[in-house]
Amino acid sequence: MKVRIDMNDTVMTVIAIGTTAILMFIFPLMSTADRGDDIAQQAVQTATGEFVDNIRSTGKITVDKYDDFLAIISETGNTFDVLIEAKILDENARKKVQQASSSKVGENEYYSEFTAQIEDKLENEGEYNLKEGDIISVTVKNTNKTMSQILRNFFYQVTGNNTYNIAAQHSGIINVNARN
């Protein structure tokens, strides 16, 4: 009895094995990686919101609070670029106004201080003080490629080098005076 092997059957078998491998291993791996990014996203968003809300309620950024914030977001296993902007209400806008009331719309002017300036003050003075009416904004973006991004790049080639997968942004107006 002779067994005849058809080339089409062999090709179909290889395709079926390849498809099965993808369905059984790759898609669950991608799904798990996406869930990991979702969990990291939620943790970073929560930590960023709590950090900004603490600044709003105390009027200052302390070295300890900043280091704690960086430690919390680092626990996700990712590296992050943290951008802080403090918009300082300029009480002396150097312009002549007819009504000297800072509560009027259009009379308030802000100048900005950014991450490097804030970190310098934290390093030198131990805290960065704000006053009521100042605005704080914190933006966090991951700088590394997550497993989800690596798998998507491998299979779909859809993400570029400058994309981020985990990001958070929170801002608010300072409620108390910490500046003298």
Side-chain angles (χ1 to χ4, degrees), residues 26-91 93 108-180:
I26 303 303
F27 284 133
L29 180 62
M30 289 177 69
S31 177
T32 302
D34 284 343
R35 267 188 261 129
D37 282 1
D38 291 343
I39 291 167
Q41 170 67 36
Q42 185 64 37
V44 169
Q45 184 67 46
T46 301
T48 304
E50 289 173 357
F51 179 62
V52 169
D53 289 344
N54 179 271
I55 296 168
R56 290 179 58 228
S57 64
T58 62
K60 61 185 170 183
I61 304 171
T62 64
V63 172
D64 292 338
K65 291 291 183 182
Y66 186 57
D67 289 343
D68 289 347
F69 171 64
L70 295 177
I72 289 168
I73 63 174
S74 295
E75 286 175 0
T76 63
N78 297 296
T79 57
F80 292 93
D81 187 16
V82 177
L83 305 171
I84 303 173
E85 180 182 6
K87 292 184 179 182
I88 310 301
L89 181 61
D90 190 356
E91 293 175 345
N108 294 335
E109 289 191 21
Y110 290 88
Y111 64 92
S112 292
E113 292 187 353
F114 297 95
T115 308
Q117 295 164 304
I118 293 167
E119 286 177 343
D120 283 344
K121 281 192 180 177
L122 287 173
E123 186 177 313
N124 295 329
E125 299 171 20
E127 64 183 23
Y128 180 81
N129 293 318
L130 298 156
K131 65 184 175 311
E132 188 175 0
D134 292 348
I135 300 170
I136 189 74
S137 177
V138 177
T139 303
V140 179
K141 297 177 184 176
N142 72 303
T143 56
N144 64 309
K145 291 237 185 233
T146 66
M147 181 58 75
S148 176
Q149 287 173 302
I150 292 169
L151 289 171
R152 272 190 265 132
N153 275 345
F154 182 73
F155 288 105
Y156 304 127
Q157 298 182 4
V158 292
T159 58
N161 291 334
N162 296 328
T163 61
Y164 53 88
N165 213 28
I166 302 167
Q169 196 280 331
H170 198 75
S171 60
I173 297 174
I174 306 303
N175 298 324
V176 297
N177 282 327
R179 279 194 175 179
N180 295 329

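The chain is numbered in sequence order, starting from 1.
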Next on the checklist: Within the 4.5 Å heavy-atom criterion, are I166 and F80 side-chain neighbours or not?
Outcome noted: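 Side-chain contact under 4.5 Å: yes.
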Working to the nearest 0.5 Å, report the span between [atom1] of [X] and [atom2] of [Y].
X    : Y    : atom1 : atom2 : value
I88  : L130 : CD1   : CG    : 5.0 Å
I174 : K87  : CD1   : NZ    : 12.5 Å
Q169 : K141 : CD    : NZ    : 9.5 Å
N144 : T79  : CG    : OG1   : 4.0 Å
N129 : T58  : CG    : OG1   : 9.0 Å

Checklist entry - If you draw a 6.0 Å radius around CG in L83, do more than 12 non-hydrogen atoms from other residues or ligands fall strictly inside? => result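 More than 12 heavy atoms, drawn from other residues, nucleotides or ligands, come within 6.0 Å of this atom.
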Item to check | salt bridge (Lys or Arg N to Asp or Glu O under 4.0 Å) partners of residues 30-40, not counting sequence neighbours, each pair once | outcome: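 Residue pairs passing salt bridge (Lys or Arg N to Asp or Glu O under 4.0 Å), neighbours aside: D34-R152.
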Checklist entry - Can you list every pair that meets salt bridge (Lys or Arg N to Asp or Glu O under 4.0 Å) and has a residue in residues 44-62, with sequence neighbours left out? => result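 Salt bridge (Lys or Arg N to Asp or Glu O under 4.0 Å) check on residues 44-62 returns D53-R56, K60-E127.
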Give the minimum heavy-atom separation between [X] and [Y], together with the two atoms involved.
X    : Y    : answer
G133 : Y110 : O-OH, 3.0 Å
A47  : I73  : CB-CG2, 4.0 Å
N78  : A40  : ND2-CB, 4.0 Å
G172 : V52  : N-CG1, 4.2 Å
A167 : Q41  : O-NE2, 2.5 Å

Give a yes or no on whether the backbone of [Y] and the side-chain of [X] come within a donor-acceptor separation of less than 3.5 Å.
X    : Y    : answer
D134 : L89  : yes
T46  : A43  : no
T115 : I84  : yes
Q117 : F114 : yes

Listing, residues 61-72 side-chain donor-acceptor contacts under 3.5 Å, not counting sequence neighbours, or none:
{"residue": "T62", "atom": "OG1", "partner": "K65", "partner atom": "N", "Å": "3.1"}
{"residue": "Y66", "atom": "OH", "partner": "E119", "partner atom": "OE2", "Å": "2.6"}

Item to check | Partners meeting side chain to side chain donor-acceptor pair (under 3.5 Å) with E85 (sequence neighbours left out) | outcome: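 Applying side chain to side chain donor-acceptor pair (under 3.5 Å) to E85 gives S112.
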Item to check | Counterpart residues, side chain to side chain donor-acceptor pair (under 3.5 Å), relative to E132 (two or more places apart) | outcome: none
Item to check | Which residues share a side-chain contact (heavy atoms from CB on, under 4.5 Å) with A168, sequence neighbours left out | outcome: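 Partners of A168 under the side-chain contact (heavy atoms from CB on, under 4.5 Å) test: V44, Q45, T48.
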